[in-house]
Amino acid sequence: MSVWDDVVGQEAAVASFTAAAQAARAVAEQRETSGQAAPAAEHSAMTHAWLVTGPPGSGRSTAARAFAAALQCTGPTPGCGQCKPCRDAVSGAHPDVVRLATEKLLITMDEVKELIGEAQRRPWTGRWRVILVEDADRMAERTTNVLLKSIEEPPPQTVWLLCTPSADDVLPTIRSRCRLVTLRIPPARAVAELLVRRDGADPELAARAARASQSHIGLARHLATDPDAWDRRRRLLMAPVSLRSVGDAVLAAASLVEAAESEAKEATVERDAKERAELTRALGLESDGKIPPSLRAQIRQLEEDQKRRAKRARTDVLDRAMIDLLSFYRDVLAAQMGSDVERVNIDLSEAVDQAAASTGPEQSLARIAAIEECRTRLRSNAAPLLAVEALMIQLRPQA
Ligand SMILES: [Zn+2]
């Protein structure tokens, strides 16, 4: 067992991280015995700033946390997974692994300033002070510029780990100061094995889930552990096929957006209520009492944060729906082209064959383009209902 067990299908990245953690250990030991500064970073497998990139669901934050653990590890080989520092770093309890993950659309300037303060401290118990930013792409340029200074000249024991979907998601000035580690889309087999081992999923179900989610680890887990998730997915993928009119398309769009909203709400409502109760308690208010004008700003700030979070959750749910729809029409197109690539939607083979027989490849291409267009619009803040309506109208079977 080691901290790398859950970093599935990423042999190259794990090799870089392991070499870095070994070099980091040598640097730290040298510093402790001789009091000498570390050797120049460019000659070492270890460096002070890392950019971990990889497509959504490839396990960026899991990989970054495993690397943080390996840096703190006191076991025989870095990242042993057995020692206390390893276990604490992986579970999020290590005092020298400071993690920023946001569910908001943007990381705020205040959050980044606090992080920079954390980066200036010496380690409490570990050898390194690791600052892990899970959504480094969610930063305004102004905020990034503040971060840049700290990344350029960190204290000798500080290590920055930034995670983004791709290297283009951060400013070139940041990118050029970080060593890049790129995760690939893990093989479906590796994802299925993880679900069986870690989540106790049934092997056959895990294999199906890994394939249907196109190796997105979080989604695969959702499909393998939540029986309703398959039904929702099937309803979504079958919806366009049964549309008869523009009116049907509009209704289908409304129900898809509504379902996304309620799924997003389910994910955030409990947390929202808890945060509000904590804040009112911290402000010394009765939970059902009136809020004095002087404290309204704080309550309003919380409400705005929660609204942003709900919006992001809804955007994420809709984007996942778009990815599922894309997989269906890619299967259809592959069937039309006579390709023998293995299908994503094995459980919907009949529907794929039917759609392939009743339309041509140019229609499938147009549908795929329409879904991509809808994704772009959803990401760029278009009204979700309008974007999805326009999509459904384009997806409906043409007479
Ligand atoms: Zn360890």
Side-chain angles (χ1 to χ4, degrees), residues 1-8 10 13-14 17-18 20-22 24-25 27-29 32 46 48-50 52 58-104 107-108 110-136 138 150 154-163 181 183 194-195 197-200 217-218 221 225 267-268 270-271 274-275 277-279 281-282 305 309:
M1 193 192 119
S2 84
V3 296
W4 311 112
D5 287 355
D6 289 352
V7 186
V8 292
Q10 308 295 347
V14 169
F17 285 143
T18 309
Q22 262 150 2
R25 182 173 281 197
V27 169
E29 277 165 3
E32 281 153 23
M46 180 57 188
H48 285 283
W50 295 78
V52 184
S58 57
R60 286 189 303 264
S61 54
T62 305
R65 243 174 298 170
F67 181 36
L71 290 174
Q72 306 294 6
C73 178
T74 52
T77 39
C80 71
Q82 320 278 331
C83 69
K84 185 167 165 29
C86 267
R87 283 181 285 126
D88 283 351
V90 168
S91 73
H94 199 294
D96 289 315
V97 179
V98 181
R99 190 173 137 244
L100 176 67
T102 189
E103 288 180 23
K104 296 182 214 153
I107 294 173
T108 65
D110 284 346
E111 284 171 322
V112 165
K113 283 185 176 155
E114 198 181 322
L115 218 50
I116 290 170
E118 294 284 0
Q120 293 303 317
R121 290 174 190 274
R122 291 171 58 82
W124 298 106
T125 61
R127 281 169 159 167
W128 301 95
R129 187 101 180 122
V130 181
I131 313 292
L132 168 52
V133 185
E134 290 194 357
D135 306 284
R138 299 211 162 120
S150 181
Q157 283 163 276
T158 293
V159 180
W160 283 92
L161 303 181
L162 309 179
C163 302
V181 173
L183 305 187
L194 175 72
L195 298 179
R197 179 169 48 75
R198 189 188 63 186
D199 305 308
I217 296 169
R221 178 167 182 271
T225 54
T268 53
E270 199 177 318
R271 173 111 147 265
K274 196 167 146 240
E275 282 176 354
E278 274 166 10
L279 181 62
R281 203 166 40 242
D305 281 352
R309 186 160 69 200

| query | Do W4 and T18 come close enough that some side-chain heavy atom pair is under 4.5 Å? | reply | yes
| query | Roughly how far apart are L161 CG and S61 OG, rounded to 0.5 Å? | reply | 11.5 Å
| request: Take the angle between the ring planes of F67 and W50 and call it parallel below 30°, perpendicular above 60°, tilted in between. | output: perpendicular
| task | Applying side chain to side chain contact (heavy atoms under 4.5 Å, CB included), run through R281 and E278 and close with a yes or a no. | result | CA-CA 5 Å; R281 203 166 40 242; E278 274 166 10; 3.6 Å; yes
| task | Quick one: pull up CZ in R198 and OG1 in T62 and give me the separation to the nearest 0.5 Å. | result | 7.0 Å
| request: Could you pull out the closest heavy-atom pair between G81 and M1, with the gap in Å? | output: O-CE, 3.2 Å
| message | Quick check: do I131 and E118 have side-chain heavy atoms less than 4.5 Å from each other? | response | yes
| task | Rounded to the nearest 0.5 Å, what's the gap from CD on E111 to CZ on R138? Could you check? | result | 12.0 Å
| request: Look at atom CD of Q82 and say whether more than 12 heavy atoms of other residues, nucleotides or ligands are closer to it than 6.0 Å. | output: yes
| So how far is it from M46 CE to F17 CZ, rounded to the nearest 0.5 Å? | 10.5 Å
| said: If we ignore hydrogens and angles and just use 3.5 Å, is the side chain of R129 paired with the main-chain N or O of P95 as donor and acceptor? | reply: yes
| Carboxylate-amine/guanidinium proximity below 4.0 Å for R197 and D6 | yes
| message | Is there a side-chain contact between V98 and V130 in this structure, where contact means two heavy atoms from C-beta onward sitting under 4.5 Å apart? | response | no
| note | In short, V3 meets A69 closest at the heavy-atom pair CG1-CB, 3.7 Å
| field | Smallest separation among heavy atoms of G79 and S2, with atom names | value | O-CB, 3.2 Å
| Closest heavy-atom contact between V181 and A13? | CG1-CB, 3.5 Å
| remark: When rounded to the nearest 0.5 Å, the distance separating CG of L115 from CG of D110 is 12.0 Å
| field | S58 and its side chain to side chain contact (heavy atoms under 4.5 Å, CB included) partner, picked from V8, L183, I217 | value | L183
| message | Are the side chains of D88 and V90 in contact, using a 4.5 Å heavy-atom criterion? | response | no
| said: Check this for me, if you would: do E134 and R99 make a salt bridge, where the nitrogen-to-carboxylate-oxygen distance has to be below 4.0 angstrom? | reply: yes
| query | Side chains of R25 and C73: closer than 4.5 Å at any heavy-atom pair? | reply | yes
| request: Evaluate the side chain to side chain contact (heavy atoms under 4.5 Å, CB included) criterion for residues E32 and R127: first the C-alpha distance (whole Å), next the side-chain angles of each, then the deciding distance (0.1 Å), finally the verdict. | output: CA-CA 10 Å; E32 281 153 23; R127 281 169 159 167; 3.1 Å; yes
| pair L132-L100: side-chain heavy atoms closer than 4.5 Å | no
| said: Can you give me the closest heavy-atom contact between W128 and Q72, atom names plus distance? | reply: O-NE2, 2.8 Å
| Side-chain donor or acceptor of H48 paired with backbone N/O of P154 under 3.5 Å | no
| task | Report the C-alpha distance between Q120 and S150 in whole Å, list the side-chain angles of each, state the deciding distance to 0.1 Å, and finish with yes or no for side chain to side chain contact (heavy atoms under 4.5 Å, CB included). | result | CA-CA 8 Å; Q120 293 303 317; S150 181; 3.9 Å; yes
| message | In the structure I gave you, are the side-chain heavy atoms of C86 and H94 within less than 4.5 Å of one another anywhere? | response | no
| Hey, are the side chains of V7 and R60 touching, using non-hydrogen atoms and a 4.5 Å cut-off? | no
| task | Please report the closest heavy-atom contact between G126 and D96, naming both atoms and the distance. | result | N-OD2, 2.8 Å
